[in-house]
Structure formats: C-alpha cells, structure tokens
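Working notes, structure below.
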Amino acid sequence: MPELPEVEVVVRKLRPRIIGRTIRNVSIRRLRVIAPTSEEDLIRTLKGTRFASLERRGKYLVFTLQRGKASITLLGHLGMSGDMYVVPQAEAEPKHAAVVLLLGNQKFIYEDTRYFGRFTLDTKPLEYLGPEPINTGFRLKEFREALRRSSQSIKVKLLDQCLVAGLGNIYASEALFRSGISPRLPARKLTDAQIKRLWQMIPKVLKHAIRFGTTRGDGYIGRLTVYDRKGKPCRVCKRPISRIVQGGRSTYFCSKCQR
DNA sequence: CACCATGTTCCTTG
DNA sequence: CCAAGGAACATGGT
C-alpha cells in the first residue's frame, strides 16, 4: 500500500478538487470495500452531501461531509493498490473502480486493483491508531516506553499502527537502515541512543518521501536506500543488501551498517 | 507454474 | 487472557 507519504500526496492533490463539491450520485462497484457499511446506507448517507474537509490520519483518509448542519465522517484507506482522484465526468472508468462519486461535471474515483482498501462510514479503526509521526504528537518518551514493553523484533513492531501511525513495510526498512539498527533486534533491547536515533529518523524518512516521492506518481520507485535492493551494493559500505522474512513480510537491510 | 507485492484482520497456537 | 505467527483477502507482475 501506499504508506503515509503516498497517502499524504494523494490527500494534498485531492483536497482542492473536492472541497465544496456536492455528491450527486454514488456508485459502489465492489461491496467489499465499503464493509461493514451496507450499500443502501452508504448511498443514502452520502448523496446530496458536500465535502467540507479532508485530512490524513496515519494511512487513512478522513473525509468530512456536510448536509446542512449535520456532519458525516467517511473513512478511506488505499490498501495495497488503491488510489483516489478526480476526473472529468466523461472519462472512462478504470478496470478496477471500487467506488465512483458523481460531482456534477466531474467524478471522484476510488480505484483499487486488489480491493484491500476501504471507503466506509465505520470510523472505529481511527481509535486504535498511535501518534502521527510528522507534525505533532510523536513523543520520544512514549515511543521508548512502548518499545520497552515489546519483545517483537523492532522491524515488526514498527509496522504496528498503535506504536506510530503510517509506517509500512518500505519505510520501516528505510528508517532502520538510516538509524543503523538491525531489524532483528527485539524492540526492548534497543539502547536509549538507538531509540532516540530511530525516533529522529522516522519523521525525516517520511518527510523526505513526501517531498521527493518514491513509490508513486509514474509507478517508478525512486531512490530508496535499502528496500527492494537485495544483492545490490549498500549505498554506504558497498556490501550486498540482505533480504529476510519477518512476520511473513520482506525486510531489507545491510548486515554491516545495521547492528 | 512459482513466487512476490506499499496492508489489515481474523484464527490458531503456545 | 495475551502475544506471536500465519493464513486469508484479490489481482497482477516477473
């Protein structure tokens, strides 16, 4: 999926194109993405409302809609392969359109090849999210205490959205590389210095990705330091990058630079 | 055909 | 009860 940086880029582009616009019609092309909301409920709730705001929370898109004075929250998530954008009403729809909203002469498209994402009225997932790693709320003390309480490997722990919201498989590897920490190290074994370094690097890695892009835009994966570079020379020491599996997912790292 | 993929949730196991 | 591990979800790329 798009991780925090990719979601942030989608939100920034989407925001000016939808704010103030009214939803004239709602078309659900794949029921799974609106669960647990029902099709009837979603259509009835959204039709005739106006987009008032759009914010990002972790990897979620939080839409606020208004109908008169009443306010409605709609939660979006891009799963592994989702995207949301606005196109002219006449434009052909993508093969894997999941939800289409008619906005007068334009339409909002949520497309998702694998349909792992969400477009729903159920906002429960937001309650379990940890702090935002950029802008506000990411405190060193809380981060340190949470790591102390876990025996999971630090790489797997970083994917826990309760710890910090928005890191995914790519940026977890990237942040650990830049912090010089082995992904296999149990979270509770990190030294205070390592924790501080990781706490500092997480926002840096994410902000850098928002600014320069990595996995989106033209489908091109830009300058990632370690992710997907198995066997290629470490950009720092030239030794080949390793790939291991943790929690069923790939981790890339440099066994020399990361202890 | 085999294996891999930016995520989350549910079920099983210990 | 809790933590950890693995499968499932669905489609496509190599």
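Each chain gets a letter, A, B and so on, in the order its sequence line appears, and its residues count up from 1.
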Check your understanding: For B:dT8, does either OP1 or OP2 sit under 4.0 Å from a side-chain N or O belonging to A:His77?
Key -> yes
Review point. Within a strict 4.5 Å, meaning less than it, do heavy atoms of the A:Glu174 and A:Leu224 side chains meet?
Key: yes
Check your understanding: So, is A:Lys230 close to the B:dC4 phosphate, meaning a side-chain N or O under 4.0 Å from OP1 or OP2?
Key -> no
Review point. Considering residues, nucleotides and ligands other than A:Arg184, do more than 12 of their heavy atoms fall under 6.0 Å from its CZ?
Key: no
Point to revise | Between C:dA4 (C1') and A:Arg149 (CZ): distance, integer Å | key: 17 Å
**Study point:** Residues A:Lys107, A:Glu91: salt bridge by 4.0 Å N-O rule
**Key:** no
Exercise for review: Name all pairs fulfilling the ring-ring contact (aromatic ring centres under 6.0 Å, His included) condition that reach into residues 22-47 of chain A, sequence neighbours left out, sorted by first residue then second.
Suggested key: none
Practice item. Mind calculating the distance between CZ (A:Arg57) and P (B:dG7) to the nearest angstrom? Key: 17 Å
Practice item. In whole angstrom, give the distance that lies between atom CG of A:Asp112 and atom P of B:dA5. Key: 18 Å
Practice item. Take A:Glu8 and A:Arg12, measure what salt bridge (charged side-chain N to carboxylate O under 4.0 Å, His left out) needs, and give me the verdict at the end. Key: CA-CA 6 Å; A:Glu8 179 64 26; A:Arg12 288 181 187 181; 2.7 Å; yes
Practice item. Take atom OH of A:Tyr128 and atom C1' of B:dT8, then tell me their distance rounded to the nearest Å. Key: 14 Å
Point to revise | Worked check of salt bridge (charged side-chain N to carboxylate O under 4.0 Å, His left out) between A:Glu132 and A:Arg56 | key: CA-CA 10 Å; A:Glu132 276 295 312; A:Arg56 178 192 56 69; 2.9 Å; yes
**Study point:** Apart from A:Val87 itself, residues in the same hydrophobic cluster as defined by side-chain heavy atoms under 4.5 Å
**Key:** A:Tyr85, A:Val100, A:Ile109
Practice item. Could you check A:Tyr110 against A:Tyr115 for ring-ring contact (aromatic ring centres under 6.0 Å, His included), going step by step and ending with a plain yes or no? Key: CA-CA 10 Å; A:Tyr110 160 36; A:Tyr115 304 107; 8.2 Å; no
Exercise for review: Report, as yes or no, whether the 6.0 Å neighbourhood of atom CZ on A:Arg17 holds more than 12 heavy atoms from other residues, nucleotides or ligands.
Suggested key: no
Can you pull every protein N or O that's under 3.5 Å from an N or O on nucleotides 9-14 of chain B?
none

Practice item. Could you list by number each residue of residues 153-169 of chain A showing a heavy-atom separation from DNA chain C of less than 4.0 Å, or answer none if no residue does? Key: none
Review point. Do A:Lys59 and A:Glu6 sit within salt-bridge range, that is, some charged N less than 4.0 Å from a carboxylate O?
Key: no
Check your understanding: Reading nucleotides 8-14 of chain C 5' to 3', which nucleotides get B (base under 4.0 Å from a protein heavy atom), which S (sugar-phosphate only), which -?
Key -> -BBBS--
**Study point:** Close side-chain approach of A:Arg32 and A:Arg118, heavy atoms under 4.5 Å
**Key:** yes
Exercise for review: Using atom CG of A:Asp228 as one end and atom C1' of B:dC3 as the other, report the distance to the nearest whole Å.
Suggested key: 14 Å
Review point. So, do A:Tyr227 and A:Phe253 have ring centers that fall under 6.0 Å from each other?
Key: no
Exercise for review: Round to the nearest Å and state the distance from A:Met80 atom CE to B:dC4 atom P.
Suggested key: 13 Å
Review point. Is it true that A:Glu145 and A:Arg148 make a salt bridge, defined as a side-chain N closer than 4.0 Å to a carboxylate O?
Key: no
Practice item. Give A:Ser250 one of three labels, base, sugar-phosphate or nothing, depending on what nucleic acid heavy atoms sit under 4.0 Å from its own. Key: sugar-phosphate
Revision key, fill the gap. Encoded 5' to 3' (Watson-Crick or G-U under 3.5 Å; [ ] crossing; | other strand), DNA chain B becomes .||||.||||||||
Exercise for review: Rounded to the nearest angstrom, tell me the gap between atom CD in A:Gln246 and atom P in C:dG5.
Suggested key: 10 Å
Point to revise | Mutual orientation of the aromatic rings belonging to A:Trp199 and A:Phe138 [parallel < 30°, tilted 30-60°, perpendicular > 60°] | key: tilted
